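All values below were derived from every heavy atom in this structure, side-chain atoms included, with hydrogens, water molecules and symmetry-related copies excluded. Both counts, for ligands and for their atoms, begin at 1 and track the order of listing. Just so you know, these numbers come straight off a predicted model, no measurement behind them.
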Amino acid sequence: MARRGAGRRAMRRNRWRDIGGGSCTCFGAGGSESARGGGWPVRVCGALPQVRDGMPAADQGLPKNSVSLPPVQLPSDSARAGAFHPCGKSCFGRRGPVRKAGRTPPVHCPLRGPNGVRLGSSCPEDCPCPPQAVQSDPAGWLVDGPSWAERDAAGRRAMLTEILAQVSRAALQGEGRDEVLQGIVDCLATRLPVALASIILLDEEGTHFVHAVWSGVLELDAPAGAPGSEPWPITKGAAGRCVRTGRAQLLTDVDGDPDYVPGHDSVRSEYLVPIRHRGRLLGVLNLESTERDFFSPQACLVFDAVAAQVAGAIHLARVVHELELANRALRESSMRDGLTGIANRRSFDQRLAEDWDCMGREARPLALLLVDADCFKELNDSLGHQHGDECLRELARICANVAERNRGLAARYGGEEMAVLLPRHDLDRARAAAEDLRREVLAQALAHPASRVARHVTVSIGVAAVVPAPGMSPHLLVSAADRGLYLAKASGRNRVRAGYVRSRTRAG
Ligand SMILES: Nc1nc2c(ncn2[C@@H]2O[C@H](COP(=O)(O)OP(=O)(O)OP(=O)(O)O)[C@@H](O)[C@H]2O)c(=O)[nH]1
């Protein structure tokens, strides 16, 4: 049998994995495959929950060549507090790894708690968690009490109900899609005889699995020629069959299933449930058990409900994500001028206050150019408002270029007037930037047959600069630039004039 072949190995992998290509239907990125889906390189984390520490593997219903970690007692206070490793991912709720005889023995983790849950800051060498302090268990996944194997039928029913309640709570209250999904698969793989629990998500088209969150152990050779970073098509594996049929798949004997792709020597049965939200298939919940008869009708019902909760969590995360995007777009558009696309007056006022404070702290000058198109009324009257609008867009573009070159900000100040804010510019540098701008407008040779100044569109520019000092207000800078603009207009237009700040502190 292929899966009993030699050369198999266990590996740890990042359990949030994008397979690559394609975007996930749940706004995530590319995805991965559960261990068994085929065409996927090996991944591992945690171990088989049903391993009883210190018992021979054969007595645990595991392959003879499996061994488990020895038990370690944890101070009961920490256990009751439900502590977990701070990364909350790789080690969270995991059991000690099951290894094949003859391999490097697992490194002993001295802080492994009840049921093999790792609770401390000292992890095995191969643990992906950085050593950090113990934290409390915010999701409340860790529960002290008898394991699945130690419970009778009623106890197991109660445990399934408890797990479902935890999943529901996490789905509704958890933050971040992958964090929530990770908590769910961790919980399933830790508390139940589930060697591997994964949630694998489809791309927008529903043709490939492109994102996976998983927990457990996987032991197998990477299939020959497996495209490790390729999306996994739904034409393959039992998970693919689950999507193609749109129905849950129960594999009571994985060896007898033609679609089963070996993932772990100890796995005997598998249950795959479609994750569906309002009729749309989002992915598959995949559980692989070390027990042949683990997936009883009652357990399957619970896992169906878990899949529904997962769908809800994904939907919720998507709605939150979309809302955040919409809010960001709204915020951005509220700071832009609709006609020209440069910053609007509100944005300018905000930036002026920020730059004023910043230059005050640095004791450097802040300069302002007020740029006003000459005889713009005549332009509108002669060539029409649409042409006037086009001219304003062009002026805005030139202002934005000058601002960018000088690490400043260009904004539409109002009507046909633009403002260019130039931090760390004294009056001389600001005047030079203003001259550049004026010449660039002239060079565009925008038609203006009705101008009293030239045959083309021209601008007048008022310039001011000041080193902000205590007791001064940014308003002084604007007034000074405005006076400069008035002077430029009064002295014939198409020119740059400075306006001086009426204060003892001046720049330049
Ligand atoms: N096309 C267009 N025109 C605008 C816009 N905003 C303001 N204006 C026009 O700009 C003109 C400004 O006129 P004035 O304030 O008299 O100034 P001016 O004609 O440029 O004369 P001077 O500034 O003294 O050279 C008005 O006719 C406004 O209607 C706009 O968004 N689009």
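- The environment of Arg393 atom CZ is dense: over 12 non-hydrogen atoms of other residues, nucleotides or ligands sit within 6.0 angstrom.
- At a heavy-atom distance under 4.0 Å, atoms from both the backbone and the side chain of Asp389 approach ligand 1.
- For ligand 1, the atoms closer than 4.0 angstrom to any heavy atom of Leu392 are 5 (C), 30 (C), 31 (O), 32 (N).
- Counting atoms of ligand 1 from 1 in the listed order, those under 4.0 Å from a heavy atom of Asp372 are 23 (O).
- Remark: Val402 engages Arg405, Asn406, Ala433, Leu437, Glu440 in a side chain to side chain contact (heavy atoms under 4.5 Å, CB included) (not counting sequence neighbours).
- Residue Gly415 comes nearest to Leu392 through the heavy atom pair O-CD1, 4.2 Å, listed as atom of the first residue, atom of the second, then distance.
- Per-residue contacts place Arg493 under 4.0 angstrom from the following atoms of ligand 1 (heavy atoms of the residue considered): 22 (P), 24 (O), 25 (O).
- Taking every non-hydrogen atom of Gly388 and a distance limit under 4.0 Å, the qualifying atoms of ligand 1 come out as 1 (N).
- In terms of polar-atom proximity, defined here as any N/O pair under 3.5 Å, Leu339 makes no such contact with ligand 1.
- With hydrogens and angles left out, the side-chain atoms of Ser215 and Asp186 include a donor and acceptor closer than 3.5 Å.
- With Lys377, Glu378, Glu416 as candidates, the residue nearest to atom 17 (O) of ligand 1 on a non-hydrogen basis is Glu416.
- Considering both main-chain and side-chain atoms, Cys375 comes within under 3.5 Å of ligand 1 through a nitrogen or oxygen pair.
- Neither the backbone nor the side chain of Arg452 has a heavy atom within less than 4.0 Å of ligand 1.
- In summary, the atoms of ligand 1 found under 4.0 Å from a heavy atom of Arg412, numbered by their order in the structure, are 5 (C), 6 (N), 30 (C), 31 (O).
- Under the 3.5 Å distance criterion, with hydrogens and angles disregarded, a donor-acceptor pair is assigned to the side chains of Asp304 and Tyr271.
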